[in-house]
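Below is one structure; the comments refer to it alone.
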Amino acid sequence: MSAVLNLPLAAHRKLALLGTGTVGTAFVQRYAALQDRGVTLPSFSWLANSRTARACEQTPADELAQANLAARGAVALQPWAEAEGLQRGDVVVDATASDDVANWHEQWLARGVHVVTANKLGQGAQLARAQAIADSGQQGDARYGDSATVGAGLPLLSSLRALVAGGDRIHRVEGVLSGSLAWLFHHYDGQRPFSAWVREAAEAGYTEPDPRVDLSGEDVRRKLLILARASGIALRAEQVQVASLVPEALAALPPAEALAQLSLLDAPLQQYWQQANDQGGCLRFVGGFDHDGASVGLRVLPRDHPLAGGAQTDNRVAIHSDRYHAQPLLIQGPGAGAEVTAAALLDDVLAIVRR
């Protein structure tokens with residue numbers, strides 16, 4: 001067993017992983033698979049969670065297993081705060097959902113450390129933080145890889161940024177942006193309790209660790225903020241009107257109790273489904289923004305509506321702009337799952353090291 005992290009200074013480029021949960025585990029597995037195929041990757045130097053940090057003296061998979069055995073309830077660590085841990089040219093991968101970690105993105109970039117992230121809180125929370133991250137990346141030579149934050153690597157952010165860079169003006173973006181909620185409403189038929197589908201989605205790794213983050217619309221709010229800011233619209237969180245699916249009684253419970261009380265969702269969702277069925281439509285959880293604001297919530301759509309299509313965890317997004325005025329640009333593909341998210345993270349890592 002290797003020792004707890006003791007980070008040496010290194011002349012070569014290093015890779016550090018923060019977060020050893022579902023996405024972090026998939027990242028380590030994909031890293032090993034790419035190595036086996038002969039893909040050149042930066043040296044996996046260390047990985048950490050909130051309980052421990054480990055230098056990769058053995059294989060990353062072995063160290064990840066040891067990190068996940070660290071005792072719960074231990075004092076939370078901040079290995080990312082140590083200046084000697086990350087140097088100019090290194091790559092840090094944020095596979096957490098931590099606001100504390102997101103607070104470091106700007107400082108890493110300013111120090112010349114590349115940041116690759118699936119954490120939406122860097123650019124999908126306070127506008128000031130998102131602007132500071134953008135400014136730090138522009139002022140130095142460090143890059144910010146964020147394709148995993150929206151659409152699990154689908155070409156959403158890259159398409160919006162390319163359109164804006166080419167002089168196009170984005171008017172409106174709307175879509176099914178939550179892979180977990182897409183999965184739920186593709187499967188929910190009003191027969192099986194909605195809470196049973198939520199538990200199945202959580203077990204499959206489609207939802208956030210606390211499914212209420214998805215069901216509340218907060219996850220979609222964050223994605224809308226990221227997309228809007230990439231479109232040149234300085235949208236603030238308070239400008240996004242969110243219609244949560246979580247009843248107040250369920251929202252008030254601590255996470256452990258909430259998971260046991262998901263049946264509180266069943267009656268209202270049954271009613272929503274019946275209304276949609278009576279209208280000959282289907283339920284989709286849709287988020288959208290324009291230059292006047294943004295909204296997130298459940299909608300009844302005609303079955304032939306552009307956003308009603310797709311399957312499983314598909315995100316389906318319509319981009320309306322000067323160029324795509326008469327007919328929107330549609331982007332569709334899997335928008336949830338640890339494997340596709342990990343692939344997006346490693347794509348960004350490879351894009352950075354091959355630059």
Side-chain angles (χ1 to χ4, degrees), residues 2-20 23-49 52-67 77-96 98 101-119 122-123 132-149 153 157-158 341-355:
S2 61
V4 170
L5 179 66
N6 181 16
L7 287 173
L9 289 174
H12 61 282
R13 177 174 287 170
K14 298 177 295 185
L15 177 69
L17 171 66
L18 299 175
T20 61
V23 173
T25 298
F27 180 89
V28 169
Q29 292 170 343
R30 184 165 178 82
Y31 179 95
L34 292 182
Q35 268 198 327
D36 290 343
R37 285 164 42 191
V39 176
T40 301
L41 293 161
S43 172
F44 210 130
S45 180
W46 55 275
L47 53 83
N49 55 33
T52 188
R54 302 188 64 84
C56 288
E57 298 175 2
Q58 304 181 64
T59 69
D62 290 335
E63 300 298 349
L64 181 137
Q66 291 298 322
L77 300 177
Q78 286 193 331
W80 50 87
E82 299 299 326
E84 67 268 27
L86 296 167
Q87 302 294 331
R88 180 173 296 276
D90 290 343
V91 183
V92 59
V93 176
D94 180 1
T96 77
S98 167
V101 177
N103 261 332
W104 280 90
H105 290 187
E106 174 198 353
Q107 298 180 52
W108 288 326
L109 292 168
R111 231 168 47 215
V113 175
H114 305 292
V115 178
V116 172
T117 181
N119 187 347
Q123 292 184 313
I133 287 172
D135 291 344
S136 293
Q138 291 170 358
Q139 291 170 4
D141 56 0
R143 297 186 64 190
Y144 194 73
D146 59 356
S147 64
T149 60
L157 287 168
S158 59
T341 302
L345 289 170
L346 267 163
D347 285 350
D348 280 347
V349 170
L350 288 169
I352 287 171
V353 300
R354 289 172 174 172
R355 184 176 61 163

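The analysis underlying the following values was restricted to heavy atoms, covering all of them including side chains, and did not include hydrogens, waters or symmetry mates.
Residues V23 and A95 share a closest heavy-atom pair of CG1-CB, 4.1 Å. Minimum heavy-atom separation, N49 to A67: ND2-O, 3.1 Å. The two atoms that bring L47 and P60 nearest to each other are CD2-O, 3.7 Å, heavy atoms only. Scanning both residues, A342 and F27, for their nearest heavy atoms gives CB-N, 3.5 Å. Closest approach of L157 and D146 over heavy atoms only: CD1-O, 3.5 Å. Minimum heavy-atom separation, Q123 to I133: NE2-CG2, 4.2 Å.
Considering only residues two or more places apart in sequence or on other chains, D348 meets the side-chain contact (heavy atoms from CB on, under 4.5 Å) condition with V116, S147. Scanning for side-chain contact (heavy atoms from CB on, under 4.5 Å) contacts around S158 gives P155, with sequence neighbours left out. Residues satisfying the salt bridge (Lys or Arg N to Asp or Glu O under 4.0 Å) test with D141, not counting sequence neighbours, are R88.
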> Can T149 and T117 be said to form a side-chain contact (heavy atoms from CB on, under 4.5 Å), step by step?
Replying inline: CA-CA 7 Å; T149 60; T117 181; 4.1 Å; yes
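If you take CD on E106 and CG on D135, they are separated by 8.0 Å, rounding to the nearest 0.5 Å. A distance of 13.0 Å separates CZ of R13 from CD of Q87, quoted to the nearest 0.5 Å. Atom CZ of residue R354 and atom CG of residue L41 lie 8.0 Å apart, to the nearest 0.5 angstrom. Note that the CZ atom of R30 and the CG atom of D347 stand 6.5 Å from one another [nearest 0.5 Å]. The distance from the CZ atom of R54 to the OG atom of S45 is 13.5 Å, given to the nearest 0.5 Å.
Looking only at distances, no side-chain donor or acceptor of D90 sits under 3.5 Å from a matching main-chain atom of V113. Of the possible donor and acceptor atoms, none in the side chain of R143 sits under 3.5 Å from a partner among the backbone N and O of H114.
At least one side-chain heavy atom of L18 sits under 4.5 Å from a side-chain heavy atom of W46. A heavy-atom distance below 4.5 Å is not found between the side chains of F44 and T59. Counting heavy atoms from C-beta on, the side chains of V28 and T20 never come closer than 4.5 Å. Taking 4.5 Å as the limit, some side-chain heavy atom of V93 sits within range of a side-chain heavy atom of L15.
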